[in-house]
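Working notes, beginning with the structure itself.
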Amino acid sequence: MRQMDITSALETAAFFARQEGDEEADVENGGDIGSEAEMEPIINTIDSLLAGADMRLDELALRIGAKVLTPGPADAQVTKIYAGDRVSDLLNEASRKTLLVTNLANLQMVRVAELMEVPGICFVDGVEPESDMVDLALRNHTMLMVSPVGVFETCGLIYQLLTGNGQS
């Protein structure tokens, strides 16, 4: 008998099925995936801005007006933002310097952050995670923060901050 996390197994299966489907759709549509592109995670130009900014996670949270619920790793820097809600895509994009911006305030997000060693998660729309998520984040040294605005607006605040047009 083998213990397995069914959520994780389904995410993995969905990821590989989607990869094959994207390749087929790309060929059939002459390189244009159409409505599938709308579901892709946000690809932001802020990654290149972050890479040269030496932006600490706690500083970023403060400067975009996010409420910090748990401290993250000491002096954690972010060089990449992943803004989306597809766990399978997050598994491809995450690193030790990725901030996850998501509207999915659930335990799986915190577990994926633990697995991928993501230093922080920013939940949006003022939705605070439940206590079990906060406890797990504390144990894993994952910063949890809550932005009062949505995903696009939160990414916009980060962009403005990095281009010098944001709050100081």
Side-chain angles (χ1 to χ4, degrees), residues 5 7-8 10-11 14-15 35-51 53-168:
D5 179 3
T7 304
S8 176
L10 288 173
E11 282 291 340
F15 168 76
S35 64
E36 179 68 20
E38 294 174 16
M39 296 179 64
E40 290 296 315
I42 300 167
I43 309 273
N44 295 296
T45 57
I46 58 178
D47 287 349
S48 60
L49 294 169
L50 272 171
D54 292 325
M55 181 70 63
R56 285 193 346 256
L57 192 56
D58 56 349
E59 177 186 356
L60 186 143
L62 175 71
R63 294 184 62 191
I64 65 167
K67 177 181 176 183
V68 176
L69 303 176
T70 63
D75 297 328
Q77 291 187 336
V78 285
T79 59
K80 185 172 188 162
I81 301 290
Y82 173 84
D85 58 3
R86 290 168 63 177
V87 175
S88 57
D89 290 335
L90 172 60
L91 292 172
N92 280 334
E93 301 294 329
S95 74
R96 291 180 182 169
K97 293 191 175 195
T98 302
L99 171 64
L100 169 59
V101 179
T102 183
N103 59 359
L104 294 178
N106 62 42
L107 195 57
Q108 284 71 26
M109 286 292 120
V110 181
R111 292 201 184 279
V112 168
E114 173 188 18
L115 174 70
M116 302 304 292
E117 298 180 353
V118 170
I121 303 172
C122 181
F123 297 114
V124 297
D125 291 323
V127 176
E128 294 196 19
E130 296 181 11
S131 61
D132 57 341
M133 290 186 275
V134 173
D135 292 342
L136 180 59
L138 279 170
R139 285 193 304 273
N140 297 334
H141 304 288
T142 303
M143 177 182 279
L144 293 185
M145 63 180 90
V146 178
S147 172
V149 295
V151 172
F152 291 107
E153 294 87 350
T154 299
C155 290
L157 289 171
I158 296 169
Y159 177 81
Q160 288 176 349
L161 170 67
L162 294 170
T163 58
N165 297 322
Q167 2 174 324
S168 343

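What's counted below: heavy atoms across the whole structure, side chains too, no hydrogens, waters or symmetry copies.
- Between atom CG of residue L157 and atom SG of residue C122 there is a gap of 9.5 Å, rounded to the nearest 0.5 Å.
- Side chain of N106 to main chain of Q108: a donor-acceptor pair is present (N/O by atom type, distance under 3.5 Å, no hydrogens or angles).
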Please list every donor-acceptor pair under 3.5 Å in which a side-chain atom of residues 132-154 meets a protein atom from a residue at least two apart or in another chain.
residue, atom, partner, partner atom, Å
N140, ND2, L136, O, 3.2
S147, OG, V149, N, 3.4
S147, OG, T154, OG1, 2.7
E153, OE1, G150, N, 3.3
T154, OG1, V149, O, 3.4
T154, OG1, G150, O, 2.8

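- Minimum heavy-atom separation, P129 to L69: CD-CD1, 3.3 Å.
- Here the closest non-hydrogen pair linking A105 and F123 is CA-CE2, 3.4 Å.
- For the pair V68/D58, no side-chain contact is recorded, criterion being any heavy-atom separation below 4.5 Å from C-beta on.
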Under 3.5 Å, sequence neighbours excluded: what are the donor-acceptor pairs made by side chains of residues 94-104?
residue, atom, partner, partner atom, Å
S95, OG, K97, N, 3.2
S95, OG, T98, OG1, 2.9
R96, NE, E117, OE1, 2.2
R96, NH2, E117, OE1, 2.7
T98, OG1, S95, N, 3.0
T102, OG1, G84, O, 3.2
T102, OG1, L104, N, 3.0

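- Rounded to the nearest 0.5 Å, atoms CD1 (I64) and CD (Q160) are 11.0 Å apart.
- For the atom pair CE (M109) and CD1 (I121), the distance works out to 7.5 Å, reported to the nearest 0.5 Å.
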